[in-house]
Amino acid sequence: MELVLNRSDELFAFIFDNEICGIFSLTKSGLVLCDFALQTDDVFLLLKSHFFCKKVQVIFGKSDSVQFATKAYCEANKKTALSTKNGIFMRFNTVFNPLSQKNVAKFSLRQNILSQFQVKICSEKMENQLAKHYFSYLEEEVVPAGKSVNRAAERFALHKALCQKRVWALFSASGEFCAMAFVRAVGKNARLLGGIYTPSPFRRRGFASALVYAVSDYFKHAGVVATLYVDCQNAAAVSCYTSAGFVPRSKCQTVYF
């Protein structure tokens, strides 16, 4: 068993007999994304030793993997989690039929939005415009009660994402910002979306759903599948992504420290 670090994207992999049995990333802002197919004592001890004296804010992934990683982090640093959120892992349905009877109205609304609004891949020149919306997203959707956003670290994360062309946004014809979505992770055949946010004046008008659909459809034509995670208690978000053509695949969990 060995722990391998890919320094280009902060991705760690547990290798046994040349097979990857677990992966996770630990960002500078303290976010852990994890997926452990093999949850043995050897993997646990390696993970625990790596977590020693590390500062983690959030652990996120499939429920069993998050529980595995949380136990290792808590034992290594004598920490206790502040709160936990349960969610759903969803995948873009490439055979989604927008013309089925129940989806006609939603399809028409989306087509109207996409014909009148602009979907853009954002550049670093738009950082100042997007920063306040990104911080609002973090405060509303990510950071638990009683905690504050590390603006310096998150501003760096936003800048990096913009430089890597991983931020998409929907703008009105007059240039008003209406919604945004991030590509959080890039796999060989999949893209993980996240950071999906709509400012309050533009909510419940189908903008986020239209943007998510446009981004997912773009990736579909590039030969990869869009995926995302959503809080199962957030009925509006679940409805948004379902309308965009996503279907549930598995349960996930977010643990905050």
Side-chain angles (χ1 to χ4, degrees), residues 33 58 60-63 66 83-120 130 133-145 166-172 176-185 190-221 224-254 256:
L33 302 175
V58 180
F60 177 69
K62 293 181 180 178
S63 298
V66 168
S83 61
T84 301
K85 283 186 179 180
N86 294 314
I88 306 168
F89 176 67
M90 305 184 78
R91 177 188 175 107
F92 188 61
N93 185 3
T94 56
V95 295
F96 175 67
N97 179 12
L99 297 181
S100 65
Q101 187 62 40
K102 66 179 180 179
N103 289 320
V104 170
K106 294 177 181 178
F107 174 76
S108 298
L109 173 62
R110 184 169 64 230
Q111 291 304 103
N112 287 335
I113 292 171
L114 294 178
S115 65
Q116 298 176 39
F117 289 68
Q118 291 183 310
V119 175
K120 296 181 180 179
L130 295 176
H133 300 298
Y134 180 56
F135 292 148
S136 294
Y137 157 74
L138 293 171
E139 290 166 353
E140 293 177 28
E141 302 290 341
V142 179
V143 179
R166 292 192 288 109
V167 185
W168 297 64
L170 180 73
F171 294 90
S172 69
E176 286 184 291
F177 171 87
C178 300
M180 70 177 181
F182 285 67
V183 178
R184 288 298 196 191
R191 300 291 185 271
L192 176 65
L193 307 186
I196 298 160
Y197 178 77
T198 305
S200 53
F202 298 98
R203 292 176 185 171
R204 301 189 183 281
R205 294 162 64 178
F207 293 149
S209 182
L211 174 61
V212 170
Y213 172 83
V215 175
S216 303
D217 190 58
Y218 171 87
F219 287 130
K220 182 187 77 172
H221 286 91
V224 295
V225 178
T227 62
L228 55 80
Y229 295 95
V230 59
D231 182 352
C232 59
Q233 300 298 318
N234 190 338
V238 173
S239 176
C240 167
Y241 304 141
T242 301
S243 297
F246 281 75
V247 293
R249 295 302 296 262
S250 63
K251 295 180 181 179
C252 63
Q253 198 170 65
T254 307
Y256 299 94

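Please read all numbers here as calculations on a predicted model, not as lab measurements.
- Between Phe89 and Tyr229, the angle of the ring planes lies from 30° to 60°, which puts this pair in the tilted group.
- Looking only at distances, no side-chain donor or acceptor of Arg184 sits under 3.5 Å from a matching main-chain atom of Gly194.
- Every residue was checked against the salt bridge (charged side-chain N to carboxylate O under 4.0 Å, His left out) condition with Glu141, not counting sequence neighbours, and none meets it.
- Taking Tyr134 as the reference, Glu154 meet the side chain to side chain donor-acceptor pair (under 3.5 Å) condition, with sequence neighbours excluded.
- Within a 6.0 Å radius of CZ in Phe171, other residues, nucleotides and ligands contribute more than 12 heavy atoms.
- The list of salt bridge (charged side-chain N to carboxylate O under 4.0 Å, His left out) pairs with a residue in residues 202-218, not counting sequence neighbours, reads Glu140-Arg203, Asp217-Lys220.
- Of the options Trp168, Tyr241, Phe219, Phe182, a side-chain contact (heavy atoms from CB on, under 4.5 Å) to Leu193 is made by Phe219 and by none of the others.
- Residues forming a side chain to side chain donor-acceptor pair (under 3.5 Å) with Arg91 (at least two apart in sequence, or on another chain): none.
- Minimum interatomic distance between Phe177 and Ala169 (heavy atoms only, all atoms of both residues): CE1-CB, 4.0 Å.
- With Phe246 as reference, Val212 is the one residue of Asn93, Val238, Val212 to meet the side-chain contact (heavy atoms from CB on, under 4.5 Å) rule.
- Within the 4.5 Å cutoff, the side chain of Cys252 has no heavy atoms near those of the Val66 side chain.
- Nearest heavy-atom pair across Thr198 and Ala208 is OG1-CB, 3.3 Å.
- Residue Cys178 comes nearest to Ser172 through the heavy atom pair SG-N, 3.9 Å, listed as atom of the first residue, atom of the second, then distance.
- To the nearest 0.5 angstrom, Ile113 atom CD1 is 11.0 Å from Ser108 atom OG.
- In this structure, Val119 and Leu114 have side chains that are in contact, with non-hydrogen atoms separated by less than 4.5 Å.
- When every heavy atom of Val167 is checked against every heavy atom of Leu130, the shortest pair comes out as CG1-CD1, 4.1 Å.
- The aromatic rings of His133 and Tyr197 sit tilted, their planes meeting at an angle between 30° and 60°.
- In this structure, CG on Leu33 lies 7.5 Å from CG on Leu192, to the nearest 0.5 angstrom.
- Taking the side chain to side chain donor-acceptor pair (under 3.5 Å) definition, one finds that Asn86 meets it with Gln253, sequence neighbours left out.
- One finds the SG atom of Cys240 at 9.0 Å from the CG atom of Asn234 (value rounded to the nearest 0.5 Å).
- The side-chain heavy atoms of Thr227 and Phe92, taken from C-beta on, include no pair separated by under 4.5 Å.
- Side-chain contact check for Met90 versus Thr242: some heavy-atom pair is nearer than 4.5 Å.
- Around NZ of Lys85, the count of heavy atoms belonging to other residues, nucleotides or ligands within 6.0 Å exceeds 12.
- Side-chain atoms of Tyr218 never come within 3.5 Å of backbone atoms of Tyr213 as a donor-acceptor pair (strictly under, hydrogens ignored).
- Every residue two or more places apart in sequence or in another chain was checked for a side chain to side chain donor-acceptor pair (under 3.5 Å) with Ser239, and none qualifies.
- Atoms CG and CZ, from Leu228 and Arg249 in turn, are 12.5 Å apart once rounded to the nearest 0.5 Å.
- Between the side chain of Arg110 and the backbone N or O of Ser243 there is at least one donor-acceptor pair closer than 3.5 Å.
- In this pair, Phe207 and Phe117 present their aromatic rings tilted. The plane angle is within the 30 to 60° band.
- Considering every non-hydrogen atom in both Ile196 and Ala181, the closest pair reads CG1-CB, 3.8 Å.
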